[in-house]
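See below for the structure under consideration.
Chain letters run A, B, ... following the sequence lines, proteins first and then strands; every chain starts at 1.
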Number of protein chains: 2
Amino acid sequence: MRDDKDVVTKIVVGQAGRTRGEEVAEAIRNGIAEGRLAGGGRLNENELATMLGVSRTPVRSALATLAADGLLDYTPNSGYTVRRFTSGDIEDIFKVRVKLEGLAAGLAAQNGLSDAALGGMHRLMGETERLIDTHSWNAEIHNTWVDLNNQFHDHIYEAADNPYLIQTIRRANLSLFSLVRFHWFDNVLLRQSHEEHIELVDALENRDVQRAEFLQGEHVYRSGRRIVARWRRMEAMDGEKRISEAGGGRAGK
Amino acid sequence: MRDDKDVVTKIVVGQAGRTRGEEVAEAIRNGIAEGRLAGGGRLNENELATMLGVSRTPVRSALATLAADGLLDYTPNSGYTVRRFTSGDIEDIFKVRVKLEGLAAGLAAQNGLSDAALGGMHRLMGETERLIDTHSWNAEIHNTWVDLNNQFHDHIYEAADNPYLIQTIRRANLSLFSLVRFHWFDNVLLRQSHEEHIELVDALENRDVQRAEFLQGEHVYRSGRRIVARWRRMEAMDGEKRISEAGGGRAGK
DNA sequence: GCATGTGCGTTTGGATCCAAGAACGGGACG
DNA sequence: CGTCCCGTTCTTGGATCCAAACGCACATGC
């Protein structure tokens, strides 16, 4: 926080129907998702307010909201820190995600997807294949894939037609997406993920509820296994780093 | 809000480690859970502040938190209303709960429960049998059963050892528990629920993961079916009432 | 050298005030 | 009579100020 002026993006005030509090919440959310606000880091109301060009009031409103969203940890009279995730936490979240994403796919298969949605999914898969055919991997490709992947899942969510389920999934995903780094993946994993999507779409097209639920749950389970393994590795390296940095100050708690 | 002075319980200030904002949030949460704050009702910051003997600041903090918790709906520049649930909403939530509670039971069976926990569950079931043997039903019996039921599930949650899952379940339950009325149940349903608990405990004792997951999911599914049917009936009556009251003002939206 | 206590500065929680936005009511017009 | 417009009032969002709580650094005692 103290060393990077661009930690949160200065908010644009005046967007229709949005308060400054909402804008601040989004700026912080983005800062977390993009890794600029690190797990365990303290959020200082005054600094955020100065950085974003607002008073403390909307900052406090935003912090309260984000804490309830699970992105921040709150201690009364001490303030907010960015939620820190252990590999065990991530594993827990993925177990829940396996069930929820599986349910969403099963409901989508049960309800059926429109021709437009299926067409859209095929287009997204076509674009993913073009990414695969570059035989390369970098941050830009990863971001493109994340975007395509999100659109792919949005089609499923819409067909599932269960807003509470989708809200619950998005909440779980919110916590996770800030943790993922592009260099954990590569073109090979992209291809594997894509092949899983192919099978999932087949199940959806054939309205095979159990297959869709199983395939999507398995897809998420494998993804979770990889991310948890990576996080464990990082924790092992972090643990060594932490031992050497012990006694750093408030954030060291 | 305007007609009932006891809508929220006046907060007790000074409880260790809790801010007024947290106290206000709990008072409102209780008001919703106990049915004193009705779905669709507007929450007025000034009135709440006066009623609770605080300034608007902690009220606003509490409202932001409760909105993110899903208990309130927020409209920028217009404020907060208590979330209104349609029977479709409730059905959606129960579909998610079936999966999550099933997962919790499966994890508990996998991890195993301590002798103390199993003993505790047997004691709770014994107390439930005493309730059944009264062959009667009233609000007091219902409240006792809700308490026993919560303790029963707490044992499962603890054994599941997945904090994120339990947090997600509690979040779903928070929305639902404010909707349930004791006269929707009777001694017969209590017995049925109890018998389902007996089978669930058997699966847990035998560490039968799939059976535990299935039985708990089924238990929640049946409960959901009953509550949704009740809610639909209320909506039908409410719909007639609404037609005759149309144009009542803001809450009529 | 370590533990405990004290003081000071910083940060957060709450209160109050001001301004902006929404809602409501009344009047005018078709 | 219904709809639209305007003015007023109420409510909410934001800013600012004050006080309480916490954390950190330094001093003292064992």
Counting only side-chain N and O atoms of [X], is one of them less than 4.0 Å from OP1 or OP2 of [N]?
X       : N      : result
A:Asn77 : C:dT12 : no
B:Ser78 : C:dG21 : no
B:Ser55 : C:dG14 : no
A:Arg42 : C:dT12 : yes

Next item on the list: Keeping the roles fixed (side chain from A:Asn111, backbone from A:Ala159), state whether a donor-acceptor pair exists under 3.5 Å.
Entry: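 Checking the backbone N and O of A:Ala159 against the side chain of A:Asn111, a donor-acceptor pair under 3.5 Å is found.
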Notebook entry, point to check: Where the side chain of B:Thr19 meets the backbone of B:Glu22, is there a donor-acceptor pair that is under 3.5 Å apart?
Noted result: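 Yes: the side chain of B:Thr19 pairs with the backbone of B:Glu22.
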Margin query: Can you pull out the residues from residues 57-67 of chain B that lie within a 4.0 Å heavy-atom distance of DNA chain C?
Written below: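 By residue number: B:Thr57, B:Pro58.
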Next item on the list: Could you tell me which residues satisfy ring pair (Phe, Tyr, Trp, His ring centres under 6.0 Å) with B:Tyr157, sequence neighbours excluded, listed by chain and number?
Entry: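 So B:Tyr157 forms no ring pair (Phe, Tyr, Trp, His ring centres under 6.0 Å) with any residue.
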Please give, in whole Å, the distance from [N] [atom2] to [X] [atom1]?
X       : N      : atom1 : atom2 : value
B:Arg18 : D:dA21 : CZ    : P     : 16 Å
B:Tyr80 : D:dC10 : OH    : P     : 22 Å
B:Glu45 : C:dT16 : CD    : P     : 15 Å
B:Leu52 : C:dA15 : CG    : P     : 11 Å
B:Asn44 : C:dG21 : CG    : C1'   : 15 Å
A:Asn46 : C:dG9  : CG    : P     : 17 Å

Check: How would you list, by chain and number, every residue that makes a side-chain hydrogen bond (donor to acceptor under 3.5 Å, both in side chains) with A:Arg226, sequence neighbours excluded?
Finding: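 By the side-chain hydrogen bond (donor to acceptor under 3.5 Å, both in side chains) rule, A:Arg226 matches no residue at all.
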Next item on the list: Just grab all the salt bridge (charged side-chain N to carboxylate O under 4.0 Å, His left out) pairs involving residues 58-80 of chain A, residues at least two apart or on different chains.
Entry: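 Passing the test, one end in residues 58-80 of chain A: A:Arg29-A:Asp69, A:Asp69-A:Arg171, A:Asp73-A:Arg83.
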Margin query: Among residues at least two apart in sequence or on other chains, which ones pass side chain to side chain contact (heavy atoms under 4.5 Å, CB included) with A:Thr86?
Written below: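 For A:Thr86, the residues satisfying side chain to side chain contact (heavy atoms under 4.5 Å, CB included) (neighbours in sequence not counted) are A:Asp89, A:Glu235.
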Checklist line | Earlier contact from the 5' end, DNA chain D, for A:Pro76 and B:Tyr74 | finding: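 Closest to the 5' end, via its nearest nucleotide, is B:Tyr74.
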Item checked: Under-3.5 Å donor-acceptor pair between A:Arg56 side chain and C:dG13 base ->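 A donor-acceptor contact between them is present.
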Next item on the list: Output the single nucleotide from D:dG14, D:dA15, C:dT12 whose closest atom is nearest the side chain of A:Arg20.
Entry: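 That would be D:dG14.
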Check: Who passes salt bridge (Lys or Arg N to Asp or Glu O under 4.0 Å) against A:Arg225, sequence neighbours left out?
Finding: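 Salt bridge (Lys or Arg N to Asp or Glu O under 4.0 Å) list for A:Arg225, sorted by chain: empty.
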